[in-house]
Amino acid sequence: REQNLVDAIRQGGAYVPELSLVAECEGQIVGQVMLSRARLVNRPFEGLLVLAPICVGLDMRGRGVGGLLIAAVLKKAAKMGFSGVVLVGNPDYYGRFGFACAKKYGLAPKQECVPEEVFMAIPLCSEWDAQIAGEIDLEKPY
């Protein structure tokens, strides 16, 4: 199912090709991460991204591949001038990379079915301010 999500993102207006990275080992792709544009509902702001998906092959899990991909894509997004990244995921895992409850940053998912504790965000710049706050539509990212 992950490949279907990747294909849908690539065909949509939210796709940022420079923020789609793969990890290789001995000539084989063993992991992939993608950041695409996120959209604040009813607000024109283009500095947010959403992390999805991140995939690591079953035989490579637990070896740090996912962590390396996340660190690399966040660094690249920051260099490109994006303000922050949101995601839906496990707080214990993503907290290791600096993600925190998005509510802390004034962000919330438009979709009520997303529990607050798994909707997370990380600022990529020191200029994060309250003007970035609002609802993010996860079904129509851009």
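These values consider heavy atoms only, across backbone and side chains, with no hydrogens, waters or symmetry-generated copies.
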Please list every donor-acceptor pair under 3.5 Å in which a side-chain atom of residues 57-70 meets a protein atom from a residue at least two apart or in another chain.
residue	atom	partner	partner atom	Å
R61	NE	V56	O	2.8
R61	NH2	V56	O	3.1

If you look only at distance, which donor and acceptor atoms sit under 3.5 Å apart when one is on a side chain in residues 80-100 and the other is two or more places apart or in another chain?
residue	atom	partner	partner atom	Å
N90	OD1	D92	N	2.7
N90	OD1	Y93	N	3.3

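Taking both residues in full, the closest heavy atoms of G106 and A133 are given as O-CB, 3.2 Å, listed atom of the first, atom of the second, then distance. Smallest separation of non-hydrogen atoms from L124 and A77: CD1-CB, 3.7 Å. Between P115 and C113, the closest heavy-atom pair is CD-O, 3.2 Å.
For the atom pair S36 OG and L48 CG, the distance stands at 11.5 Å (nearest 0.5 Å). If you take CZ on F119 and CD1 on I136, they are separated by 4.0 Å, rounding to the nearest 0.5 Å.
Under the side chain to side chain contact (heavy atoms under 4.5 Å, CB included) criterion, P17 pairs with Y15, sequence neighbours left out. Scanning for salt bridge (Lys or Arg N to Asp or Glu O under 4.0 Å) contacts around E116 gives K103, with sequence neighbours left out.
Taking a 4.5 Å side-chain heavy-atom cut-off between Ile, Leu, Val, Met, Phe, Trp and Tyr, the cluster of V41 contains only that residue.
For residues 69-90, there are no salt bridge (Lys or Arg N to Asp or Glu O under 4.0 Å) pairs, not counting sequence neighbours.
For the pair V16 and L35, the minimum side-chain heavy-atom distance is 4.5 Å or more. By the 4.5 Å heavy-atom criterion applied to side chains, M34 and L21 are not counted as neighbours.
Atom CD of Q28 is surrounded by 12 or fewer heavy atoms from other residues, nucleotides or ligands within 6.0 Å.
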